[in-house]
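Inspection log for the structure reproduced underneath, given as structure tokens.
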Number of protein chains: 2
Amino acid sequence: MIKLSRLTDYAVVVLAEMARTNGELAAASVLAAKTGIPEPTVSKVLKTLSRNGLISSVRGVAGGYKLERAAGEIPVSLIIAAMEGPISLTSCVSGSHESCALEGSCSMHGRWNPVNAAIRGALDKVTLADMNRGRL
Amino acid sequence: MIKLSRLTDYAVVVLAEMARTNGELAAASVLAAKTGIPEPTVSKVLKTLSRNGLISSVRGVAGGYKLERAAGEIPVSLIIAAMEGPISLTSCVSGSHESCALEGSCSMHGRWNPVNAAIRGALDKVTLADMNRGRL
DNA sequence: TTAAAGTGGATAAAAACAGTCCTGTATTTT
DNA sequence: AAAATACAGGACTGTTTTTATCCACTTTAA
């Protein structure tokens, strides 16, 4: 089981809820009430999404968050990347030598790249709108 | 960053090493020496792979492990599934209601299914042989 | 019968995560 | 101007997962 963090899951739920009102301004507290997710958590998710440009925020009384684009133009890959950083399956990827303990002897440098590319491709093709549609 | 467990990473390294000798019988200690991964860890990985039918084991003196099929016929999806269980992105998937705290109110039941299908498809297409080829 | 090699399960240390809370800043309303 | 509402950013903590290792047991060849 490849795991997404639970926050990513929440992010999709919250974004889907926002999409339902066409992405219009909504306060964190409202979204928390609508989704049933605790407010501090919703707030955390929204802050992260905002920092990554998926949604924009309005401060002050009557403030809130709104979608920056239509649900059909938000691929899942973007949501995941916003919540968890770049999409890739290991730390042993070309460019980042940091955490590979085997280093020189590791015969796998860059090997995951084709896999990662495949996954990114797959995630690019599914949008928030698709997920909203695919109801059971 | 979608994370694979480190053991899965090791599994690929070890399997790739086995593929290099055409999947012939090799003891865990030998594979450990060749890959530079600590023996107890290699051993654990091999046990898991064996239990899942990707490799077969021979007990006793002069025993070891060997590949059950050619590298070109081992998709990454199989390796990942063997090490981490079924490939899917959340616990909130059709069929398993266990860990979804929102349950009834969660509007996302089954929504990840298209995403998971996309990922599975992508992982099915990349084989161990592909990864061995794609050297930097 | 002994030594090499795999099997299965248990465990302990380390790391990551989720969830919460607090302080600060912006904006609107009164 | 002050007060109230709402976002921003970060710090903290308990829990869960992961990782790596070890041990007692089984199998088999010499």
Side-chain angles (χ1 to χ4, degrees), chain A residues 1-11 13-14 18 24-33 35-66 68 80 82-85 89-92 98-102, chain B residues 1-11 13-14 18 24-33 35-66 68 80 83-85 90-92 98-102:
Chain A
M1 176 90 73
I2 301 177
K3 264 189 325 203
L4 290 181
S5 96
R6 188 173 299 207
L7 288 195
T8 304
D9 208 351
Y10 291 156
V13 174
V14 170
M18 293 177 81
E24 287 181 0
L25 202 65
S29 57
V30 172
L31 292 170
T35 58
I37 302 169
E39 183 177 334
T41 302
V42 169
S43 190
K44 186 178 194 172
V45 167
L46 289 168
K47 277 186 266 184
T48 303
L49 292 173
S50 172
R51 238 180 272 130
N52 286 280
L54 262 153
I55 61 182
S56 59
S57 65
V58 177
R59 286 188 161 203
V61 182
Y65 297 91
K66 64 185 173 200
E68 277 293 281
I80 296 179
M83 299 303 296
E84 328 209 0
L89 283 186
T90 45
S91 45
C92 196
E98 338 138 345
S99 48
C100 180
L102 301 173
Chain B
M1 175 90 72
I2 300 179
K3 262 191 329 201
L4 287 183
S5 95
R6 187 172 299 206
L7 287 193
T8 304
D9 207 351
Y10 291 156
V13 175
V14 170
M18 293 177 81
E24 287 182 1
L25 202 64
S29 57
V30 172
L31 293 171
T35 57
I37 301 169
E39 183 176 337
T41 303
V42 169
S43 190
K44 185 178 195 172
V45 167
L46 289 168
K47 278 187 268 186
T48 303
L49 292 173
S50 171
R51 238 181 269 130
N52 286 281
L54 262 154
I55 61 182
S56 58
S57 65
V58 176
R59 285 189 160 204
V61 183
Y65 297 90
K66 65 184 173 201
E68 277 292 280
I80 294 178
M83 299 304 296
E84 326 210 0
T90 44
S91 47
C92 196
E98 338 137 347
S99 48
C100 180
L102 301 174

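In what follows, chains are A, B, ... by sequence order, proteins preceding strands, each numbered from 1. Computation of the quantities below employed the complete heavy-atom set of this structure, encompassing side-chain atoms and omitting hydrogens, waters and symmetry-equivalent molecules.
Not one side-chain nitrogen or oxygen of B:S50 sits closer than 4.0 Å to the OP1 or OP2 atom of C:dG6. The phosphate of C:dA18 (OP1 or OP2) has a side-chain N or O of A:S5 nearer than 4.0 angstrom. Residue B:Y10 places at least one side-chain N or O closer than 4.0 Å to OP1 or OP2 of D:dA20.
The nucleotide whose nearest atom lies closest to any side-chain atom of A:R59 is, among D:dT21, C:dT27, C:dC21, C:dT27. Nearest to the side chain of B:P38, among D:dT21, C:dT7, D:dG9, sits D:dT21. Taking only side-chain atoms of A:S57, from C-beta outward, the nucleotide of D:dA8, C:dG6, D:dT21 with the closest atom is D:dA8. Ranking C:dA5, D:dT21, C:dT7 by closeness to the B:A27 side chain, first place goes to C:dA5. Side-chain proximity of A:T41 to D:dT21, C:dG8, C:dT20: nearest is C:dT20.
We find that CZ of B:R6 is positioned 12 Å from C1' of C:dA16, with the value rounded to whole Å. Note: CD (A:E84) to P (C:dA18) measures 8 Å, nearest angstrom. B:I37 has its CD1 atom 13 Å from the P atom of D:dT19, to the nearest Å. The distance between atom CG of A:N52 and atom P of D:dG9, rounded to the nearest whole Å, is 11 Å. Whole-Å rounding puts the B:L25 CG to D:dT28 P distance at 13 Å. Rounded to whole angstrom, the span from the CD atom of B:E39 across to the P atom of D:dC23 amounts to 14 Å. Residue B:I55 contributes atom CD1, which lies 16 Å from atom P of C:dA5 at whole-angstrom precision. As a whole-Å value, the separation of B:D9 CG from D:dT19 C1' is 13 Å.
Between A:V61 and B:V61, the residue anchored nearer the 5' end of DNA chain D, judged by the nucleotide with its closest heavy atom, is A:V61. For the pair B:V58 and A:A62, nearest-nucleotide mapping onto DNA chain C gives the more 5' position to B:V58.
When heavy atoms are screened at a 4.0 angstrom cut-off, A:L7 is found touching the sugar-phosphate backbone but no base atom. Residue contacts for B:G63: at a heavy-atom cut-off of 4.0 Å it reaches the sugar-phosphate backbone alone, with no base atom in range.
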For nucleotides 12-16 of chain D, list the nitrogen or oxygen atoms of the protein found under 3.5 Å from its nitrogen or oxygen atoms, one pair per line.
none

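Expressed to the nearest 0.5 Å, how far OG of B:S5 lies from OH of B:Y10 amounts to 9.5 Å. Between atom OG of residue A:S56 and atom CG of residue A:L49 there is a gap of 11.5 Å, rounded to the nearest 0.5 Å. Here the OG1-CZ distance, from A:T48 to A:R51, works out to 5.0 Å after rounding to the nearest 0.5 Å. Atom CD1 in B:I37 sits 13.5 Å away from atom NZ in B:K44 (nearest 0.5 Å).
A distance-only check finds a donor-acceptor pair linking the side chain of B:T35 to the backbone of B:L31 [under 3.5 Å].
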Output, in order, the C-alpha distance, side-chain angles, deciding distance and verdict of side-chain contact (heavy atoms from CB on, under 4.5 Å) for A:I55 and A:L46. CA-CA 8 Å; A:I55 61 182; A:L46 289 168; 3.6 Å; yes
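If you check distances only, the side chain of B:K47 never reaches the base of C:dG6 with a donor-acceptor pair under 3.5 Å.
The two atoms that bring A:E68 and A:G53 nearest to each other are CG-O, 3.6 Å, heavy atoms only. The shortest heavy-atom contact between A:P38 and A:A32 is C-CB, 4.4 Å.
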